[in-house]
Trainee: 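Here it is: the structure, laid out below.
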Amino acid sequence: MKHAWIYILLSLFALTACERAFFEDEYDQEDPFESFDYLWEQVDRRYSFFKVKDIDWNAKRQHYRSQIYPGISQDSLFRVMGNMMSELRDDHANLRSSFNVSAFRVRLDGPDNYDRRIVEDNYIGRDYYVSGPFIHNWISNGEIGYVRFAAFTGTVDNVNLNFVLSRYRKAKGLILDLRENGGGSINDMYGILARLVDENNLVFKSRIRNGEAHDDFSPLENAIVQPYDGPRFTQRPVMMLVDRGTYSAGSFTALASIALPNVKLVGDTTGGGLGLPNGGYLPNGWFYRFSVTQAFSNQQAFLLESGQEELVNAQNYENGVPPDIRVLLDRSVLEVDEVIERAIEEIGR
Amino acid sequence: MKCLFIFWFSFCLFSGLSAQEESSKKALNKARPKYFEIGLQNGYSYHRDLATSPNFYRGYTSGINLHYHRFDALRERRFGFTYYSGNYRFSVLNESARSRFSTFQLDFEELYQIKRFAKRKYQLKAGGKLIGNFNLRVNPALQNASVGYEIVYNLMGSVQLSRDVSRTEAKSAKFLWLIPYNWKPRKRLISYQLNLGLINANVRNGYAYVNQRGVTNEFPLFADYRHNFFSGFRMNAVLRYTVYLKNENALRFSYLWDAYTTGGKVDQFEMANHLIGAALLFDLSNW
């Protein structure tokens, strides 16, 4: 045994193969049932609106799992699992593969309430300004500023906002058009709302799922808007235009506006989407996401903290933030945007 | 695991005391060689965070390590910093995902000779190692969870077996009976060290993985994170071959295997590294 030490080292070296012993088992990537069960369990463990939407998730599992069989095609499996996700009636609940993306498309629950061409032809004209993500111009004989914000792209910055607000500093009012704004980066919301307040303002409260029971949530946390130290628009009315296509960060902005005295919502109920989406991958490589938080107006938060959860669930704005003034487009008249007209009227009062 | 820790602690205390009796002389301590080690590592690695993917991301990683290493047959102390980073991906059927993963690691280890097993060429040492990782993962496709990070730290029990494989006599021969060569006497050392997690802990994301501070306009680094004590397991081993140069510096080649899991009922993080390393050890004895 001249080289016994070599054998000893080689034996010890073999230990390196044992890492899998303390890892969890791998999933079968091609088994449709494993991917289905994995998705169902992830949603069951973390989705935040089961109670609000009164969804019997166990029943959904039974219903959709029975549609799966060994050897099912990827397309068919995707349809089954995508349909199960759409039962959540939440556009933050999606399934994404290389060949399709599932979505509930909540905006189709309401009428189309925005037509860019009507706005351009009859209100802002051809010479409108484009300042970063904002399209804007004077309307109503140069008395009111109209600002179109089509998406929360995460590109709102102080240079753009300073320009926009300086331009309309003498306007009688401001119209902020968030119709068909599907959301994006919520940081943009804080950037915009910071221009509409003079002091720190508690605009809504939020809580996050933190346990296996469908009603396990963290304590409420405050969402506070801090005023920007620069051009602001706080002493005159702001009309925020919304519709069913106003979703996610758009709906959060609408929700926050409830706490701002100089802001009114005009148009249709928003699409909702008041939960922060989070996701991951399934064993078969598809990507999923769904909401894990809930947001409440200050009044709802007060009721919630008073133990009236059922009442709050019944009126939860996840199903849409209602407008202060409900107005729908008349699609038979293509020269008038009734929502803008109503906003102008409100500013003139 | 707690029993294992208590057993190991008692064992090390006993071994350490007997070793310290032997090495209590200041002269011995002063004469103990000390080195600054700078090394490069490359290798294969894979990981998965069950909070975001049941599939393992696999890839090649490379890194650098800077360590202070002081050792002789009686005692050994090594501490320093390692950084490694790599691009990882998984591919399943027609789907794939990518992730950039970086680790910042601090470690400290102290080993003592176990006198009972000491022989002329063999040394057995035992002791402990404290290791802490800060992992940073970037995967833009995960949207609100596109940046993930956690801290994993472990107190490990360590055993090191080393053998002096020095060439004590000059050797001349011909390679393939054609090419003559002369090998001079050279000090060489081969060692194998196994580290086993005794106290395993981590600071990991909360239940929902993401936190809601983005919604509430606050950005603390570890919002909704949880400190999980006695959770998970870690095991690593390193095989080192050290060749000393004429100027008392040394070259070191190593193979490192490191595997750990954060444990917990759900949403474990699991990682395994297989790294080949080469390092220069600068002799600091005269500094």
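So you know, we letter chains A, B, ... as the sequences are listed, proteins then strands, and number each from 1.
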Trainee: Counting only heavy atoms closer than 4.5 Å, note whether A:S206 contacts chain B via side chain, backbone, both or neither.
Mentor: both

Trainee: Which answer fits B:N211, side chain, backbone, both or neither, if we ask what part of it has an atom under 4.5 Å from a heavy atom of chain A?
Mentor: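 For B:N211, the contact with chain A is made by the backbone alone.
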
Trainee: Is a side-chain donor or acceptor of B:N55 paired with a backbone partner of A:L282 at a separation under 3.5 angstrom?
Mentor: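 Yes; judged by distance alone, with no hydrogens or angles, the pair exists.
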
Trainee: Can you tell which part of B:N273 gets under 4.5 Å to a heavy atom of chain A, answering side chain, backbone, both or neither?
Mentor: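 Contact with chain A is absent: no heavy atom of B:N273 under 4.5 Å.
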
Trainee: Give a yes or no on this: more than 12 heavy atoms of other residues, nucleotides or ligands lie within 6.0 Å of atom CD of A:E305.
Mentor: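 For A:E305, atom CD is crowded (more than 12 foreign heavy atoms under 6.0 Å).
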
Trainee: Check whether more than 12 heavy atoms from other residues, nucleotides or ligands sit under 6.0 Å from atom OH of B:Y44, and answer yes or no.
Mentor: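 Above 12, so yes.
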
Trainee: Looking only at heavy atoms, what is the nearest atom pair of B:Q212 and A:P219, with distance?
Mentor: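 Shortest heavy-atom contact: NE2-O, 4.3 Å.
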
Trainee: Between A:L276 and B:N144, which heavy-atom pair has the shortest distance, and what is it?
Mentor: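 Nearest heavy atoms, A:L276 then B:N144: CD1-ND2, 3.5 Å.
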
Trainee: Would you mind checking which part of A:S218 comes under 4.5 Å of any heavy atom in chain B, side chain (CB onward), backbone (N, CA, C, O), both or neither?
Mentor: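 Interface part for A:S218: side chain.
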
Trainee: Could you check which of B:V215, B:D258, B:D49 has the highest count of heavy-atom pairs closer than 4.5 Å to chain A?
Mentor: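 Heavy-atom pair counts peak at B:V215.
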
Trainee: Could you have a look at A:I186, A:V225, A:N210 and say which one has the most heavy-atom pairs with chain B under 4.5 angstrom?
Mentor: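 The option with the most such pairs is A:N210.
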
Trainee: Where the side chain of B:E270 meets the backbone of A:E24, is there a donor-acceptor pair that is under 3.5 Å apart?
Mentor: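 The answer is yes, because a donor-acceptor pair under 3.5 Å joins these two groups.
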
Trainee: Would you mind checking which part of A:Q226 comes under 4.5 Å of any heavy atom in chain B, side chain (CB onward), backbone (N, CA, C, O), both or neither?
Mentor: neither

Trainee: Below 4.5 Å, heavy-atom pairs only: which of A:G211, A:A295, A:G279, A:G280 has the largest tally toward chain B?
Mentor: A:G211

Trainee: Taking CG in B:N94 as the centre, count heavy atoms belonging to other residues, nucleotides or ligands within less than 6.0 Å. Is the count above 12?
Mentor: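 Check fails, neighbour count at 12 or below.
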
Trainee: Which heavy atom in A:Y190 sits nearest to a heavy atom in B:G214, and how many Å separate them?
Mentor: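 Nearest heavy atoms, A:Y190 then B:G214: CE1-O, 4.2 Å.
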
Trainee: Measure distances from A:N284 to the heavy atoms of chain B and classify the residue's part below 4.5 Å as side chain, backbone, both or neither.
Mentor: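 Answer is both: backbone and side chain atoms of A:N284 are under 4.5 Å from chain B.
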
Trainee: Would you compute the distance between atom CD of B:E218 and atom CG of A:N222 and round it to the nearest 0.5 angstrom?
Mentor: 8.0 Å

Trainee: Between B:D224 and chain A, with a heavy-atom cut-off of 4.5 Å, which part of the residue counts as in contact: side chain, backbone, both or neither?
Mentor: side chain

Trainee: Please check if atom CG in A:D198 has more than 12 non-hydrogen atoms from other residues, nucleotides or ligands closer than 6.0 Å.
Mentor: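 It does: A:D198 CG has more than 12 such atoms within range.
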
Trainee: Taking the six-membered ring of B:Y207, is the NZ or CZ of A:R45 close enough (under 6.0 Å from the centre) and on axis enough (within 45°)?
Mentor: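 Positive - A:R45 is close enough to the ring of B:Y207 and near enough to its axis.
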
Trainee: With a 4.5 Å limit on heavy-atom distance, are the side chains of B:Y46 and A:E19 in contact?
Mentor: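 They are in contact (side-chain heavy atoms under 4.5 Å apart), so the answer is yes.
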
Trainee: If I measure from the heavy atoms of chain A, does B:F56 come under 4.5 Å with its side chain, its backbone, both, or neither?
Mentor: side chain

Trainee: Okay, side chain of A:N278, backbone of B:A208: is any donor-acceptor separation there less than 3.5 Å?
Mentor: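 It does hold such a pair.
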
Trainee: Under the rule for side-chain contact (heavy atoms from CB on, under 4.5 Å), what residues qualify as partners of A:D229, not counting sequence neighbours?
Mentor: none

Trainee: What residue, out of B:T261, B:L50, B:T216, has the most heavy-atom pairs lying under 4.5 Å from chain A?
Mentor: B:T216

Trainee: Considering residues, nucleotides and ligands other than A:F99, do more than 12 of their heavy atoms fall under 6.0 Å from its CZ?
Mentor: yes

Trainee: Using the rule given for side-chain contact (heavy atoms from CB on, under 4.5 Å), can you reason through B:V92 versus A:Y27, listing the C-alpha separation, both sets of side-chain angles and the distance that settles it, and then say yes or no?
Mentor: CA-CA 11 Å; B:V92 179; A:Y27 289 81; over 6 Å; no

Trainee: Tell me, side chain or backbone of B:L142 under 4.5 Å from chain A's heavy atoms, or both, or neither?
Mentor: both

Trainee: Are more than 12 heavy atoms from other residues, nucleotides or ligands located less than 6.0 Å from atom CZ of B:R188?
Mentor: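 For B:R188, atom CZ is crowded (more than 12 foreign heavy atoms under 6.0 Å).
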
Trainee: Which heavy atom of B:P54 sits nearest a heavy atom of A:P283, and at what distance?
Mentor: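 Reported closest heavy-atom pair: CG-N, 3.5 Å.
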
Trainee: Could you check whether any side-chain N or O of B:E95 sits under 3.5 Å from a backbone N or O of A:S97, counting only pairs where one atom can act as donor and the other as acceptor?
Mentor: no

Trainee: Indicate yes or no for a side-chain donor-acceptor contact from A:Y281 to the backbone of B:S96 under 3.5 Å, with no hydrogens or angles considered.
Mentor: no

Trainee: Relative to chain B, which segment of A:F252 carries a heavy atom at a distance below 4.5 Å: side chain, backbone, both, or neither?
Mentor: side chain

Trainee: Does any heavy atom of chain B fall under 4.5 Å from the side chain of A:I208, the backbone, both, or neither of them?
Mentor: both

Trainee: Looking at every non-hydrogen atom in both residues, tell me the closest pair between B:A259 and A:F23 and how far apart they are.
Mentor: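 Shortest heavy-atom contact: CB-CZ, 4.5 Å.
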
Trainee: Closest approach of A:D25 and B:R48, non-hydrogen atoms and distance?
Mentor: O-NH2, 3.3 Å

Trainee: Contact part of A:D216 toward chain B, heavy-atom cut-off under 4.5 Å: side chain, backbone, both or neither?
Mentor: neither

